[in-house]
2 protein chains.
Amino acid sequence: MKLEDLKGRIRNIPDFPIKGVIFRDITTLISDPEAFKFTIDHLHDRYKDNKPDLIVGIESRGFIFGGALADRLNIGFIPARKPGKLPWKTVEESYELEYGKAALQIHSDAINKGQRILILDDLLATGGTIGATVKLVERLGGIIEEIAIIIELTFLKGRDKLQGKNIHSLVRYDSE
Amino acid sequence: MKLEDLKGRIRNIPDFPIKGVIFRDITTLISDPEAFKFTIDHLHDRYKDNKPDLIVGIESRGFIFGGALADRLNIGFIPARKPGKLPWKTVEESYELEYGKAALQIHSDAINKGQRILILDDLLATGGTIGATVKLVERLGGIIEEIAIIIELTFLKGRDKLQGKNIHSLVRYDSE
């Protein structure tokens, strides 16, 4: 397999969640053992020789890739979650979604000052979700080594919200 | 490490989400590389010689363990999600929660008739969530090999809702 082949394992769903949008559905990628292994192999190869201290994965699809990669690298996993889900003391950041407004939280004691963090999610679209996660990590003193995403929708220009950060995407779509 | 040692890596939070309940917080387990690896090692050892065809993991914490275990076993991962999240055709089951009512969905094409399924979640409490997942898997023709959970709250008698199924829990709490 090559990275570009992953597009053949991602299902394209027109008009979801709203008319005119093509949703890139990764459930067909993760249900395919070859494609899922290839994805985690690729990420493992990229980070194994210079491991981050922690992976911060974003609810919910980021948990699937993040759990697998944290296990492969034998490092800890920190969930960034929607408000009300984390039971301990949290920090919170609000952000604009493509289709509304939302917020994310991380446990206040999840990251120690100076720890090197890999942020991992399935998708970079407008950058709102990942931008909020960047702020949460930095408020806790974490150093963002890189932001890894499986799919980047380049036409939504999410990178503009993440200037100065290293960003690594496995596949890119340049239009709907 | 021994299985019982995992309790030392699980944070106990009194009065969350409601007064009188002790919440068993696994974020401290998954942020600890030794404890997280031990957990996935244990599950891998249990299933590696007689692999299921697919893991069905339950949103959201089941995704973290399920993604890691699917990768280790090199099998596919199927998410069971809250309504509105899955973009393709779905089957749905409602259930009673400890604190309300909810529903879960799986993509209708996620499981083929006769496939052997491991259901994985972090917690067995009253059994509502896992019971709904069992129904979804069986509606699609899947055969449930086992239900694995990290934490079982035995005093809530979730097993009563899952009679006839193999259930494997890593740690058990017999009272709040």
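Proteins come first, then strands; the chains are lettered A, B, ... in the order of their sequence lines, and each starts at number 1.
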Quiz item: Step by step, would you call Asp71(A) with Arg72(B) a salt bridge (Lys or Arg N to Asp or Glu O under 4.0 Å)?
Solution: CA-CA 9 Å; Asp71(A) 175 54; Arg72(B) 282 269 202 115; 2.7 Å; yes
Quiz prompt | From CG (Asp53(A)) to OG (Ser31(B)), nearest 0.5 Å | solution = 12.0 Å
Exercise. Pick one of side chain, backbone, both or neither for Ala35(B), based on which atoms fall under 4.5 Å of a heavy atom in chain A.
Key: neither
Quiz item: Which bit of Phe77(A) comes within less than 4.5 Å of chain B, counting heavy atoms only: side chain, backbone, both or neither?
Solution: both
Quiz item: Does Trp88(B) reach the side chain of Thr27(A), with side-chain heavy atoms less than 4.5 Å apart?
Solution: no
Quiz item: Taking every heavy-atom pair that is under 4.5 Å apart, which of Asp41(A), Leu73(A), Asn74(A) has the most such pairs with chain B?
Solution: Asn74(A)
Quiz item: Measuring heavy-atom distances to chain B, does Pro87(A) have an atom under 4.5 Å in its side chain, in its backbone, in both, or in neither?
Solution: both
Quiz prompt | Nearest heavy-atom neighbours spanning Gly67(A) and Ala68(B) | solution = O-CB, 3.5 Å
Exercise. Tell me, for Leu86(B) versus chain A, whether the close heavy atoms (under 4.5 Å) come from the side chain, the backbone, both or neither.
Key: both
Quiz item: What distance separates Ile75(A) CD1 from Lys37(B) NZ, expressed to the nearest 0.5 Å?
Solution: 14.0 Å
Quiz item: Would you call Lys85(A) and Arg61(B) a side-chain contact if the rule is heavy atoms closer than 4.5 Å?
Solution: no
Quiz item: Which answer fits Ile30(B), side chain, backbone, both or neither, if we ask what part of it has an atom under 4.5 Å from a heavy atom of chain A?
Solution: both
Exercise. Identify the heavy atoms of Phe36(B) and Ala70(A) that sit nearest to each other, and give their distance.
Key: CE2-CB, 4.0 Å
Quiz item: Is the shortest heavy-atom distance from the side chain of Asp25(A) to the side chain of His107(B) under 4.5 Å?
Solution: yes
Quiz prompt | Close approach to chain A in residues 108-119 of chain B, criterion heavy atom under 4.5 Å | solution = Asp109(B)
